[in-house]
Every structure is written in C-alpha cells, then in structure tokens.
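Labels below follow one simple rule: chain letters A, B, ... track the order of the sequence lines, proteins then strands, and each chain is numbered from 1.
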Amino acid sequence: MEIPQKRKAEPNNWWEEDLAGPSSKYWTTLEHKGVTFPPPYQPHGVPVLYKNEPVVLSPQEEEVATWWASVVDTEWETKEIFRKNFEKNFLDLLGKNHTIKDLDNCDFSQIKAHLETQREARKNRPQEEKKAERELKQKNDEEMGYAIVDGVREKVSNLMVEPPGLFRGRGQHPKAGYLKTRLKSEDITINIGKDNVVPKCSIPGHAWKNVVHNDMVTWLAYYKDPELSFSNVKYVYLAASSKFKGLSDKLKYEKSRKLKSYIDGIRTDYLNKIKSESKIEKELGTALYLIDKLALRVGNEKSEEEADTVGCCSLRVEHISFGSNNQVTLDFLGKDSMRYYNTVEVDPEVYENLQLFVEGKNSSEDLFESINTSSLNDYLKSFMEGLSAKVFRTYNASFTLEQQLQKYNFEDKTVEEKIQNYTDANREVAILCNHQKSTPKNFEVQIEKMQDKLKSKLEYLNFLEKHLLHLQEKGEKVDPPEGQKPPASQEAARRAITRTQTTVKNMEIKLKMKDENKTVALGTSKINYMDPRITVAWCKRNEVPIEKVFPKTLRAKFIWAMYAEPEWSF
DNA sequence: TGAGGTACTTAGGATTCCAATG
DNA sequence: CATTGGAATCCTAAGTACCTCA
C-alpha cells in the first residue's frame with residue numbers, strides 16, 4: 001500500500017475538516033438494518049448419562065447440556081465457581097423432580113463426541129460448499145452489516161447479537177458459569193434517524209422492544225440479558241474504521257498531546273502535594289504519582305458481583321510491600337485479573353507517605369482512604385479541560401514509543417532489523433502498560449523446532465563456506481548436508497552464502513523476538529495507546545512499508561493518521 | 001456524597017484465515 | 001495438495017468516565 005505523502009482533500013475525509021470537538025449531536029440521518037440473531041438451536045438427541053443411564057432432555061435442556069459438553073476437558077470444567085454456578089443453573093432449569101440431581105454424576109462424553117464429529121464434518125465438507133457458505137455470509141454482511149450516517153456508508157462492528165451460552169467471567173468472577181439467555185427481538189432497542197426507515201425485524205411476527213431517535217449517541221442498538229441481573233448493557237456500534245470511532249480516537253490522541261504542555265506543571269504540583277500536611281492532598285499527590293510513573297489505571301469501585309480486581313484508587317494494604325532503599329512492591333490483580341507485579345524505587349517522600357497510609361490498617365483496608373476516582377479526576381480537571389486519569393496512560397505510552405524509537409539508528413538497516421527495533425520499542429510500551437498474554441500452548445516445542453531449523457541452516461552455511469574454498473582450490477572437497485546440492489560455480493556459492501546469511505540472521509531475529517514476546521501482548525498498545533501518527537511518520541522516514549507494522553484493519557482504523565508527515569512528532 | 005445508570009474504550013483469549021512448507 | 005503455525009480478526013468481558021438523582 002502506498003502511503004499518501006500529502007494531504008489530499010476528499011469530500012468524505014472527515015479528518016481533513018477542523019476538529020469540532022465533542023459536538024452537541026453526532027448525526028442528522030442514521031439508517032441501518034438493525035441486528036441479526038444466531039440461528040435457532042438444532043436438537044441432536046444425543047443423551048447425557050446420569051449414573052451411566054441415558055437421560056432424555058428437552059431441546060432447551062439439551063442445549064444447555066451441550067454448552068457444558070463443549071467445556072469438558074478445558075480449564076473451565078474444573079474452575080470451581082464456574083462449575084458450581086453452572087450446576088445450580090442447570091439443576092434449576094431441569095427442576096426438582098428431574099432424574100439428574102447433580103453434575104458430578106453426569107457424563108457428557110457422548111455429546112462431546114458428537115460435537116467433535118460435527119466439527120470434523122464441518123471441516124471436511126466439500127470446497128464448493130465452503131465457498132458457497134462464505135459467499136452467502138459475505139452477501140448477508142454486505143446487505144445487513146452497514147449503516148448510512150449522514151449519507152456515508154459505514155461498517156457495523158457487531159451486527160449479530162451475542163449467542164446464548166455460558167457466561168465466561170474472567171478470574172474469580174463470582175457469576176462465571178451462569179446461563180446467558182437467547183435474546184429475542186423484544187430485548188432489542190433500536191436507534192435510528194427520525195425520518196429513516198425503521199429496520200424490519202428478521203424474525204417474522206416479532207417486533208423490537210423499542211425504537212428511539214437519539215442523535216446524542218453513536219449506538220445503533222442495545223440490549224441487556226433479561227435474565228442475568230449482573231450483566232451489562234451491550235451496545236451495537238459502528239466499526240473502528242467509521243467516522244464516529246476515528247474522530248474520537250483522533251481527539252483522544254490530541255488530548256494526550258495537549259497534556260504534554262501541562263505535564264511539567266502537573267508533576268511539580270503533585271510532588272508538592274505529596275509533601276503537603278493535608279491527608280487528602282498527600283493521597284491525591286501520591287496516587288497521581290503512581291498513575292503517572294507506573295501507568296496504573298485509576299481503579300473505580302467494583303461491586304460484590306464482580307471479580308475482585310483493583311487499580312490505583314482501590315489498592316489495598318495487602319497489595320503493597322516495602323523494601324530497602326525506597327523500594328516498594330506492588331502485587332495485585334488488575335483489569336481482566338491480570339497480575340501486576342512490580343518492584344520500583346520511588347521518591348523518598350512517596351515511600352514515606354505510602355508507609356504512613358498503611359500504618360495501623362489491616363490488610364484488607366484501602367490504601368487511599370480519603371480520595372476516590374471522582375475526586376482524583378476533579379483534581380486533574382483543575383489543570384486541563386477534559387483531563388482524566390486514563391489520558392496519562394495514553395500520553396506515557398505514546399511518549400515512550402517515540403522516545404524508544406529515537407534510541408536507534410536506522411541507517412543501513414534492513415527492513416527486518418528496523419521492524420525488530422520498532423517491536424522492541426512497542427514492547428517497552430506494552431510492559432509499561434502491563435499488557436500480558438499467556439504463554440502459547442506448545443511454546444517450548446515451537447522454540448525447539450525453530451532452533452533445530454536454525455542449526456541446520458548454520459551447518460549449511462558452514463558447508464557453503466568450505467565449498468567455496470574448495471572451488472577456489474584452497475581447500476578440501478566437503479560433502480553437502482543431506483538433501484542439499486553444492487553450488488556449481490564460485491559465483492553461485494557466493495550468492496548462496498549471502499542468501500543463507502540473510503536467512504540465518506532473520507531466523508535469529510525471529511527466534512529472539514518470539515522468546516522476548518512470549519508473555520507480552522504487543523497489540524493492545526498498538527490498537528489503543530500509541531498515537532498511530534508516530535508509527536506512520538517513522539515508516540515514512542525510514543522507508544518501512546506501513547503494512548509491515550499495521551495490518552489491514554489497523555490501517556482502516558487509523559486512516560486519519562496515514563497523512564502524517566515524515567517529520568510529525570507527538 | 002454516594003449509588004446507580006449510561007455510553008463509551010480497552011482487553012485477552014478464541015477462532016478463522018492464509019501463506020509457507022513438506 | 002494437505003498440514004501447520006502465526007497473523008489477523010472476532011468476540012465479549014471488563015474497564016473508565018461522567019451524569020443524574022435523592
């Protein structure tokens with residue numbers, strides 16, 4: 001893909017217009033096809049065994065049993081809360097007088113085998129059937145999956161409502177294993193332009209719960225599971241490539257760039273507050289110090305019906321420990337129950353404050369008792385309009401990327417090497433933001449395979465070098481490694497050496513990156529935190545094709561950033 | 001002031017796709 | 001041509017932020 005070097009005005013290029021900021025309304029006309037529903041359940045008639053006896057289930061019961069069968073042999077099956085909640089919900093559904101009285105004596109293996117067979121059959125169905133299916137889906141997406149906003153056609157991100165199933169709450173979510181209900185059109189509220197056609201409900205004889213014309217929001221529809229009291233409202237939005245999302249993304253980055261010119265003053269202020277006599281000020285200053293230095297999330301209060309995870313303001317005494325030389329260790333479960341575990345040296349005054357906040361409290365008490373996320377964000381508003389805690393994460397992530405990229409000299413490097421440097425910079429950001437992923441399943445095996453391959457390439461290279469000497473009549477004749485043909489001429493040998501050296505180098509880079517990125521999720525910061533213009537400008541300066549760092553969907557999401565000049569700076 | 005509601009962004013894992021490889 | 005593994009995309013849970021209301 002060619003990156004446009006100059007601004008090119010197009011009528012639909014919203015990013016060419018001056019940014020209006022959050023305006024009073026998002027749209028004038030809004031037209032779309034509503035939502036679609038997953039196909040109805042097809043009963044298979046395969047029984048569950050209870051105490052080794054087959055039990056006939058109603059279609060609805062069978063569907064739920066099948067959900068469980070699909071988690072058998074996964075970690076979900078043995079996860080205590082998940083199991084307990086599922087059992088309760090399943091038994092409630094079956095009723096008091098049902099043969100099945102508990103989960104432990106149920107055997108789902110026949111259903112599981114059936115699912116496996118079905119999957120195999122699906123995988124092995126004829127090519128033309130797959131193709132026809134794909135084309136049908138594409139046609140349907142083309143027909144249903146777009147909205148027209150003020151005359152511009154935009155993709156919808158989540159056209160299909162969530163299918164029924166088991167609620168997969170993360171970490172120790174107290175409600176994991178509950179049954180998600182099959183939604184009906186009567187659960188869906190539609191948002192549409194006043195003068196636009198109300199979408200027809202795809203299920204004959206049924207109607208939407210409600211139709212509204214709210215131009216102050218960007219959602220096309222919303223629903224809430226009618227049975228699950230704890231479940232959140234789910235919205236149907238436009239895709240990331242849309243103007244709604246792109247504009248707000250651009251504004252987000254512009255806001256974090258604006259923070260750049262306030263940051264010195266803010267840092268001076270919170271360092272002063274840290275030394276203040278007032279407890280509230282001490283806490284505000286210390287909390288903001290942690291948010292700024294460690295890129296912590298703000299940490300809103302959570303209800304009893306959610307997993308026990310924390311952010312800065314909700315840290316408890318048990319999450320912090322003190323070492324020598326002003327070192328503190330933070331150890332807590334953050335968003336998605338990802339562990340944050342970090343030992344850092346802090347300013348002596350911060351260390352002192354943290355010790356003071358802990359004094360005389362038991363482990364389950366709040367570290368910060370006089371502030372909350374709302375007072376902290378109020379404090380931030382006193383510096384800059386629209387400033388909130390999350391802006392610090394965006395700012396520090398983007399700042400770190402640009403700073404890390406400046407560390408390298410990209411001259412005379414191959415594209416692969418430049419990308420390795422970029423990935424290294426990306427990784428620094430991901431580590432700062434604590435973006436983690438679990439180690440891939442057979443990671444060790446994969447590494448070994450790559451090492452073996454590398455080894456045989458090195459052997460081949462070794463052979464080539466000796467072989468070249470032989471051709472130059474300076475050395476013994478050597479046998480090529482198995483399956484390799486010796487180059488016929490000196491010229492061919494030299495070419496083979498250069499080629500193999502490049503391969504070896506690339507393999508080494510790949511191996512090293514794979515290991516270093518084992519538990520680091522690079523994508524999250526790329527998608528949400530690092531100003532894309534930093535990357536675009538870097539690509540332009542260093543002749544790296546943008547598609548090497550931004551896949552298709554990211555290029556669409558960041559279409560507004562593609563015009564950044566090579567000299568652009570965050 | 002705090003609880004609850006609303007609307008949006010951010011997140012890791014699951015699933016699907018696709019290209020390299022045998 | 002089938003396999004395989006990594007990249008890309010999909011899915012939906014889980015955050016932030018701000019508003020309203022008593």
Value for CZ (Phe570(A)) from CD1 (Ile534(A)), rounded to nearest 0.5 Å, stands at 5.5 Å
For Ile527(A) and Gly171(A), find the nucleotide of DNA chain C closest to each by heavy atoms; which residue's nucleotide sits nearer the 5' end? Ile527(A)
Starting the side chain at C-beta, find the nucleotide from dT10(B), dA13(C), dG12(B) nearest to Lys234(A). dA13(C)
Phosphate OP1/OP2 of dG12(B): any Ser438(A) side-chain N/O under 4.0 Å: no
Measure from CG on Asp225(A) to P on dC11(C) and round the result to the nearest Å. 18 Å
Indicate, with a heavy-atom threshold strictly under 4.0 Å, whether Tyr237(A) touches base, sugar-phosphate, or nothing. base
I want to check one thing: is the phosphate of dA11(B), taken as OP1 and OP2, less than 4.0 Å away from some side-chain N or O of Thr524(A)? no
Heavy atoms under 4.0 Å, any strand shown: does Lys390(A) hit a base, just sugar-phosphate, or nothing? sugar-phosphate
Under the side chain to side chain donor-acceptor pair (under 3.5 Å) rule, what do Asn377(A) and Ser388(A) come out as? Steps first, then yes or no, please. CA-CA 5 Å; Asn377(A) 278 332; Ser388(A) 68; 4.7 Å; no
Remember a base hit wins even if backbone is also touched, and classify Gln436(A) as base, sugar-phosphate or nothing at under 4.0 Å, heavy atoms. sugar-phosphate
Arg555(A) vs Glu547(A), side chain to side chain contact (heavy atoms under 4.5 Å, CB included): CA-CA, chis, key distance, verdict: CA-CA 8 Å; Arg555(A) 297 198 298 276; Glu547(A) 59 268 28; 3.1 Å; yes
So what does Ser248(A) touch, heavy atoms closer than 4.0 Å: a base, only the sugar-phosphate, or nothing? sugar-phosphate
Apply the side-chain hydrogen bond (donor to acceptor under 3.5 Å, both in side chains) test between Tyr529(A) and each candidate in Arg393(A), Lys252(A), Lys390(A); give the one that qualifies. Arg393(A)
Would you say His435(A) reaches dA11(B)'s phosphate, i.e. side-chain N/O to OP1/OP2 under 4.0 Å? yes
Can you tabulate the close N/O pairs, meaning under 3.5 Å, that link protein atoms to atoms of nucleotides 15-17 of chain B?
none

Can you tell if the side chain of Val310(A) reaches within under 4.5 Å of the side chain of His319(A), non-hydrogen atoms only? yes
Is it true that the NZ or CZ of Lys175(A) lies under 6.0 Å from the centre of Phe167(A)'s six-membered ring and within 45 degrees of the ring axis? no
Sub-4.5 Å side-chain heavy-atom contact between Tyr340(A) and Leu296(A): yes
Do the side-chain N or O atoms of Lys302(A) get closer than 4.0 angstrom to the phosphate oxygens (OP1, OP2) of dG15(C)? yes
What is the distance from CD of Glu306(A) to P of dG5(B), rounded to the nearest Å? 13 Å
With heavy atoms under 4.0 Å as the rule, sort Arg297(A) into base, sugar-phosphate or nothing. sugar-phosphate
Would you kindly compare Val298(A) and Arg168(A) by the position of their nearest DNA chain C nucleotide and give the one closer to the 5′ end? Arg168(A)
Upstream residue (5' side of DNA chain B) when Asn434(A) and Trp219(A) are each assigned their closest nucleotide: Trp219(A)
For Gly299(A), which contact category applies under a 4.0 Å heavy-atom criterion: base, sugar-phosphate, or nothing? sugar-phosphate
Per Glu162(A) side chain, nearest of listed nucleotides dT12(C), dG13(B), dT9(C): dT12(C)
Spacing between Gln172(A) atom CD and dA13(C) atom C1', to the nearest angstrom: 16 Å
For the pair made of CG in Asp378(A) and P in dT1(B), what is the distance, rounded to whole Å? 11 Å
Take the protein atom CE of Met216(A) and the nucleotide atom C1' of dC19(C), then report the distance between them rounded to whole Å. 12 Å
What is the nucleic acid contact for Thr309(A), judged by heavy atoms within less than 4.0 Å: base, sugar-phosphate only, or nothing? sugar-phosphate
Looking across every strand, which nucleic acid part, if any, lies under 4.0 Å from Asn300(A) by heavy atom: base, sugar-phosphate, or nothing? base
Whole-Å gap separating C1' (dC19(C)) and CG (Asn377(A)): 14 Å
Does a side-chain N or O of Lys180(A) approach OP1 or OP2 of dA13(C) to a distance below 4.0 Å, or not? yes
How close or far is atom C1' of dA7(B) from atom NZ of Lys25(A), stated in whole angstroms? 19 Å
For dA13(C), does either OP1 or OP2 sit under 4.0 Å from a side-chain N or O belonging to His173(A)? no
Identify whether any heavy atom of Ala307(A) sits under 4.0 Å from a base atom; if not, whether one sits that close to sugar-phosphate; answer base, sugar-phosphate or nothing. nothing
Do any side-chain nitrogens or oxygens of Asn528(A) fall under 4.0 Å of OP1 or OP2 in dT9(B)? no
So which nucleotide from dT9(C), dC8(B), dG2(B) ends up closest to the side chain of Pro551(A)? dT9(C)
How is Gly169(A) classified with respect to the nucleic acid when contacts are heavy atoms under 4.0 Å: base, sugar-phosphate, or nothing? sugar-phosphate
Applying a 4.0 Å non-hydrogen cut-off, can you work out what Thr373(A) is touching in the nucleic acid: base, sugar-phosphate, or nothing? nothing
Below 4.0 Å: OP1/OP2 of dA7(B) and any side-chain N or O of Tyr26(A): no
From CD of Glu120(A) over to P of dT3(C), roughly how many Å is that when rounded to an integer? 10 Å
Counting just side-chain N and O atoms, does Lys252(A) come under 4.0 Å of either OP1 or OP2 of dT10(B)? yes
How many angstroms lie between SG in Cys313(A) and CG in Leu290(A), if you round to the nearest 0.5 Å? 9.5 Å
Any Arg393(A) side-chain N or O less than 4.0 Å from OP1/OP2 of dA11(B): yes
With a non-hydrogen cut-off below 4.0 angstrom, is Lys381(A) in contact with a base, only sugar-phosphate, or nothing? sugar-phosphate
Close side-chain approach of His213(A) to Ile192(A), heavy-atom, < 4.5 Å: yes
So what does Lys557(A) touch, heavy atoms closer than 4.0 Å: a base, only the sugar-phosphate, or nothing? nothing
What nucleotide among dA14(C), dT9(C), dC8(B) has an atom nearest to a side-chain atom of Lys245(A)? dC8(B)
Between NZ of Lys381(A) and CG of Leu376(A), what distance do you get to the nearest 0.5 Å? 9.5 Å
Given the side-chain rings of Phe550(A) and Phe558(A), with only the six-membered ring counted for Trp, is the space between their centroids under 6.0 Å? yes
Short side-chain N/O contact from Lys335(A) to OP1 or OP2 of dA13(C), under 4.0 Å: no
